[in-house]
Amino acid sequence: MEPVAVGLVGAGPWARMAHAPMLAEGPHTRLAGVWARRPEAAAQLGAPVYERIEELFDACEAVAFCVPPAVQAELGVRAARAGKALLLEKPLGDSLDSARRLAETVAETGVASQMLLTLRYAAQTRAFLARCGEIEPFGGHAANISGALLGDHPFATPWRLERGALLDVGPHVIDLLDAALGPVTGVRAHGHSLGWTGLLLEHEGGAVSEASLCMTAAGDLPPASFAVYGRTGSALLPHFDDDPLETVAEEFARTVRNGGGHPLDAAHGLRLQRIIAEAESQLAP
C-alpha cells in the first residue's frame, strides 16, 4: 500500500513526542508537511513548513491534528471541506456545539475520520476488552490520577488548566468503560473539574461503572487502572508502557484507503463529547 501523505497541524509537545515521529516513521504514512501558529516550532519537526494551512491541505491526502480542542474543531471543518481525511485528537472540540459542527461536516463531506484514543490501539487493551466480552460484565471502575496540571509539566497547557481532567483524560476513561460494559446511557458527576471528579456511568443493558479523575494530585501516584466484573469472571487491564502509535498509523492509513469505516470516528467522538458535556454541567463551577 502506498504510504498516505499526512499533513500535521500543530507543533507543540505532543506533536513533537508522538504525532510527528509516528507519521514520519512509516511505512504506512509519511509526514508531508506541518502548519502551526509558531513556524519556528514547526521547523523542528523535520518536514516542510507551510505558512498557510491551505497550502498544507494541497500537499497531503489526510490531516492529523495536535492542537487545542477549539482550534481542532475550527480547522477540522476546513480540512473536511477541502476533502481531507482526518486523524483527530480527543476531545473532538472544546464544547458540544463545536464538536457537533465538526462531526456534522465530516458526515456531510463523507471524508474518513479516526480518533486518536490512544489506549484503544494497544494490544493489552484489546485483550482486556475481549475478556470483558466473555464474562457477562455488570460493573466496573477506573481511576486516572496524576499531577499533570501542577508546576511546569509540558501538558499544563491553557485549555487543560481551564477545563481540567474531565475534558482531557475523561474521553480515554469514558471510552474504555463504554467499550467494556456497553454504550453509556447516563452520567452523574460530582466534584470539581480542576480537583477531584467522580463519575457514575449507566450503561446499556443495566451495567454501571464508577470513574475517578484528577490531574492536580501530588506525591507518588499509582498508574491508571481499569477493572470490570461480570457474572462469570473479572477483567483487569494491566499497566503497560508499550507504544501503540505504530498501530494508530497503520489503522489510519487503512481507514484513508478504505474511505472510512473505523469504529473510533468523529461520530464516536461526538458521542463521548455529549457525555462529557452532561457531566461538566453537574460539576461545581
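Residue E251 qualifies as enclosed at atom CD: its count of foreign heavy atoms under 6.0 Å is above 12. Counting non-hydrogen atoms of other residues, nucleotides and ligands closer than 6.0 Å to CD of E51 gives a total of 12 or fewer. Counting heavy atoms of neighbouring residues, nucleotides and ligands inside a 6.0 Å radius, atom CZ of R37 does not exceed 12 of them.
Of the possible donor and acceptor atoms, none in the side chain of E136 sits under 3.5 Å from a partner among the backbone N and O of R231. For D168 (side chain) and R160 (main-chain N/O), no donor-acceptor pair under 3.5 Å exists by modelled atom type. Counting only distance, with no hydrogens or angles, the side chain of K90 and the backbone of L116 share no donor-acceptor pair below 3.5 Å. The backbone N or O of G93 sits nowhere less than 3.5 Å from a side-chain atom of S98 that would complete a donor-acceptor pair. Using modelled atom types, one side-chain atom of S281 and one backbone atom of E278 make a donor-acceptor pair closer than 3.5 Å. Within the 3.5 Å criterion, the main-chain N or O of P91 finds a donor-acceptor partner in the side chain of Q72. Remark: side-chain polar atoms of S212 are not paired, donor with acceptor, to backbone N or O of T197 under 3.5 angstrom.
Using a 4.0 Å cut-off between a side-chain N of Lys or Arg and a carboxylate O of Asp or Glu, E202 and R188 qualify as a salt bridge. Comment: R81 does not engage E108 in a salt bridge, judged by the lack of any side-chain N to carboxylate O separation of less than 4.0 angstrom. Ionic pairing of R257 and E61 is present here: one or more N-O contacts between side-chain nitrogen and carboxylate oxygen are shorter than 4.0 angstrom. We find that R101 and E74 are not joined by a salt bridge, their nearest charged nitrogen and carboxylate oxygen being 4.0 Å or further apart. One finds a salt bridge joining R254 and E250 here, because a Lys/Arg side-chain nitrogen approaches an Asp/Glu carboxylate oxygen to under 4.0 Å. The pair R271-D178 meets the salt-bridge criterion, since a charged nitrogen lies less than 4.0 angstrom from a carboxylate oxygen.
The closest side-chain donor-acceptor pair between E204 and T185, if any, does not fall under 3.5 angstrom. Between the side chains of S209 and H203, at least one donor N or O sits under 3.5 Å from an acceptor N or O. Under the 3.5 Å distance criterion, with hydrogens and angles disregarded, no donor-acceptor pair is assigned to the side chains of Q114 and D265.
Between W196 and T216, the closest side-chain pair of non-hydrogen atoms is not below 4.5 Å. Under the 4.5 Å side-chain criterion, counting only non-hydrogen atoms from C-beta, R30 is not in contact with V6. Looking at V248 and M22, their side chains come closer than 4.5 Å, going by heavy atoms from C-beta outward. V63 has its side chain out of reach of L87: every pair of non-hydrogen atoms, C-beta onward, lies at least 4.5 Å apart. Between V9 and I53 the shortest side-chain heavy-atom distance falls below 4.5 Å.
Here the shortest heavy-atom pairing between L96 and A277 reads CB-CB, 4.2 Å. Of all heavy-atom pairs spanning P137 and V228, the tightest one is CB-CG1, 3.5 Å. P21 and A15 make their closest contact through CD-O, 3.7 Å (heavy atoms, listed as atom of the first residue, atom of the second, distance).
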Could you give me the CA-CA distance, side-chain angles and deciding distance for E89 and W14, then say whether side chain to side chain donor-acceptor pair (under 3.5 Å) is met? CA-CA 11 Å; E89 265 292 350; W14 189 235; 2.8 Å; yes
Given the rule in the side-chain contact (heavy atoms from CB on, under 4.5 Å) test, do L199 and E210 qualify, once you have shown the distances and angles that lead to the verdict? CA-CA 6 Å; L199 303 176; E210 293 89 22; over 6 Å; no
Can you check side-chain contact (heavy atoms from CB on, under 4.5 Å) on H19 and F65, steps first, answer last? CA-CA 8 Å; H19 285 68; F65 290 87; over 6 Å; no
Stepwise, does the side-chain contact (heavy atoms from CB on, under 4.5 Å) test hold for R16 with L45? CA-CA 7 Å; R16 293 194 301 272; L45 300 183; 3.5 Å; yes
Does the side-chain contact (heavy atoms from CB on, under 4.5 Å) test come out yes or no for F226 and V173, once each step is laid out? CA-CA 8 Å; F226 293 86; V173 174; 4.1 Å; yes
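The structure places CG of L236 at 7.0 Å from OH of Y229, a figure rounded to the nearest 0.5 Å. Atom-to-atom distance recorded for L213:CG and S146:OG is 10.0 Å, nearest 0.5 angstrom. Distance check: L23 CG to H28 NE2 gives 12.5 Å after rounding to the nearest 0.5 Å. Distance check: T105 OG1 to L86 CG gives 9.5 Å after rounding to the nearest 0.5 Å. The structure places CG of L92 at 11.0 Å from CZ of R100, a figure rounded to the nearest 0.5 Å. Taking CG of L119 as the reference point, atom CG of L176 lies at 6.0 Å (rounded to 0.5 Å).
L149 and I145 are members of different hydrophobic clusters when ILVMFWY side chains are connected at heavy-atom separations under 4.5 Å.
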